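Have a look at the structure below, then the notes.
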Amino acid sequence: MRRRGFIAALGAVAVAWPLAARAQQLKPEIGFINAASAQNYARELEAFLKGLGETGYVDDRNVAIQYRWAEGQNDRLPAMAADLVRRQVAVIAATSTPAAVAARATNTTIPMVFETGGNPVELGLVTSLSRPGGNVTGVTQSSVEVAPKRLELLHELLPKVQVMALLVDPTDSSTAKTTASDVAAAAHSFGLQLHVLHASSESDFEGVFAKLSQLGAGGLVVAGGPFFVSHREQIAAMALRRGVPVAFQHREFTAAGGLLSYGSDITDSYRLTGIYTGRILKGDKPADLPVQQATKVELYINLKTAKALGITVPLTLSGRADEVME
């Protein structure tokens, strides 16, 4: 009897193992791909997971997320996207413009949700914002569109400065060209001379700030994009040390000592991306989900930095700020 009982128990365990394995396999997989690093995009990832949670999905509980971080090396993105396609994940969340462009070029069948600061139609991600069609939809935040406004804000703070510079990441070709064109047009309208500078690695920053001095540029506008977002605190510290007024995209830059930031709340666009990802897991089709636009923009000014740079912030400007840091 004991032997028969042992064999029966062993059989029950043997049955339980494949059942558990099958349950694990039935957990849907999300492919999350981003051009930056998990360390530098912690707040954005938290917002994505929050949005996903609003639809009832929690990583490692009822969904499994396959993370692919390019660590600032955009040339790695196509292979990463192809790997997610080979895994046949249920949905791909392609966050950051380079990742979205790479994933779109690689994937034509798996449902995909993108997050980008560019124009999704111009980037070739969708044919229409209201009717995306196909297997792709997503969220766009005002990054490229507000870059000229950053120049305008610097011009308002520095009305006597006639030479400005714009910093773009040449490896983020999908947005660099458009940003440079838009900011150049704004500079022309203000009667300013604009120089476009490039940086795509951390070692480039010293050369950029040295070039600013050589050109006699009195201010710098930093374009959006994952590379600059990942190095926002470093840029802020270097700008303060070199005495350069810089306009950036996100609040963290100003909080770290940068002069001002103006742009969309990127965490909101990541939260919306998480919500769309969850909705697709529940059965919604990307073609039926119009591209969402995170339209809220925020202005932050660091008065302590302005004082250190010898800049007087007019009340007409500080009164428009969402937050003035002192």
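All of these numbers come straight from a predicted model, not from anything done at the bench.
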Find the distance between [atom1] ([X]) and [atom2] ([Y]) and round it off to the nearest 0.5 Å.
{"X": "Ser230", "Y": "Asp169", "atom1": "OG", "atom2": "CG", "result": "10.0 Å"}
{"X": "Asn119", "Y": "Leu125", "atom1": "CG", "atom2": "CG", "result": "9.0 Å"}
{"X": "Leu309", "Y": "Lys307", "atom1": "CG", "atom2": "NZ", "result": "12.5 Å"}
{"X": "Leu215", "Y": "Leu197", "atom1": "CG", "atom2": "CG", "result": "6.5 Å"}
{"X": "Ile30", "Y": "Leu49", "atom1": "CD1", "atom2": "CG", "result": "8.5 Å"}
{"X": "Ile110", "Y": "Ile280", "atom1": "CD1", "atom2": "CD1", "result": "12.0 Å"}

Can you check whether [Y]'s main-chain N or O pairs, donor with acceptor, with [X]'s side chain at less than 3.5 Å?
{"X": "Lys304", "Y": "Met325", "answer": "no"}
{"X": "Ser261", "Y": "His250", "answer": "yes"}
{"X": "Asp59", "Y": "Ile65", "answer": "yes"}
{"X": "Thr106", "Y": "Val85", "answer": "no"}
{"X": "Thr140", "Y": "Gly118", "answer": "yes"}

[X] and [Y]: same hydrophobic cluster, using ILVMFWY side-chain contacts below 4.5 Å?
{"X": "Val313", "Y": "Val246", "result": "no"}
{"X": "Leu281", "Y": "Leu45", "result": "yes"}
{"X": "Leu194", "Y": "Leu259", "result": "yes"}
{"X": "Leu153", "Y": "Leu166", "result": "yes"}
{"X": "Leu52", "Y": "Val113", "result": "yes"}

What closest approach, in Å, do [X] and [Y] show between heavy atoms, and which atom pair accounts for it?
{"X": "Gly218", "Y": "Val161", "answer": "CA-CG1, 3.7 Å"}
{"X": "Ala81", "Y": "Ala102", "answer": "CB-O, 4.2 Å"}
{"X": "Thr305", "Y": "Gly258", "answer": "OG1-O, 3.9 Å"}
{"X": "Ile311", "Y": "Pro245", "answer": "CD1-CG, 3.9 Å"}
{"X": "Ala100", "Y": "Met112", "answer": "O-CE, 3.4 Å"}
{"X": "Val126", "Y": "Pro132", "answer": "CG1-CB, 3.6 Å"}

Check this for me, if you would: do Glu46 and Arg43 make a salt bridge, where the nitrogen-to-carboxylate-oxygen distance has to be below 4.0 angstrom?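 The answer is no: the pair does not qualify as a salt bridge.
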
Any side-chain donor paired with an acceptor under 3.5 Å for [X] and [Y]?
{"X": "Thr179", "Y": "Asp182", "answer": "no"}
{"X": "Gln293", "Y": "Gln141", "answer": "no"}
{"X": "His231", "Y": "Glu233", "answer": "no"}

Close side-chain approach of Pro148 to Leu151, heavy-atom, < 4.5 Å: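 Of all side-chain heavy-atom pairs linking Leu151 with Pro148, none is under 4.5 Å.
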
Determine, step by step, whether Glu54 and Arg271 satisfy the salt bridge (charged side-chain N to carboxylate O under 4.0 Å, His left out) criterion, reporting the C-alpha distance in whole Å, the side-chain angles of both residues, the deciding distance to 0.1 Å, and the verdict. CA-CA 9 Å; Glu54 290 177 27; Arg271 184 184 68 84; 3.1 Å; yes

Classify the ring geometry of Phe253 against Phe248: parallel below 30°, tilted from 30° to 60°, perpendicular beyond 60°.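 The arrangement is parallel - the two ring planes meet at less than 30°.
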
Would you call the rings of Phe227 and Phe205 parallel, tilted or perpendicular, taking 30° and 60° as the class edges?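 Correct class here is parallel.
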
Thr254/Asn302 under side-chain hydrogen bond (donor to acceptor under 3.5 Å, both in side chains): CA gap, chis, key distance, verdict: CA-CA 6 Å; Thr254 310; Asn302 191 316; over 6 Å; no

A quick test of your reading: do over 12 heavy atoms of other residues, nucleotides or ligands sit less than 6.0 Å from CD of Glu252?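 Yes, enclosed.
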
For Arg320, I'd like to know if atom CZ has over 12 heavy atoms of other residues, nucleotides or ligands within 6.0 Å.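 Above 12, so yes.
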
Within 45° cone and under 6.0 Å: Arg251 NZ/CZ vs Tyr300 ring: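 Pair Arg251/Tyr300 counts as cation-pi.
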
By the definition ring-ring contact (aromatic ring centres under 6.0 Å, His included), identify the one residue from Phe32, Tyr67, Tyr270 that meets it with Phe48.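 Output: one option passes, namely Phe32.
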
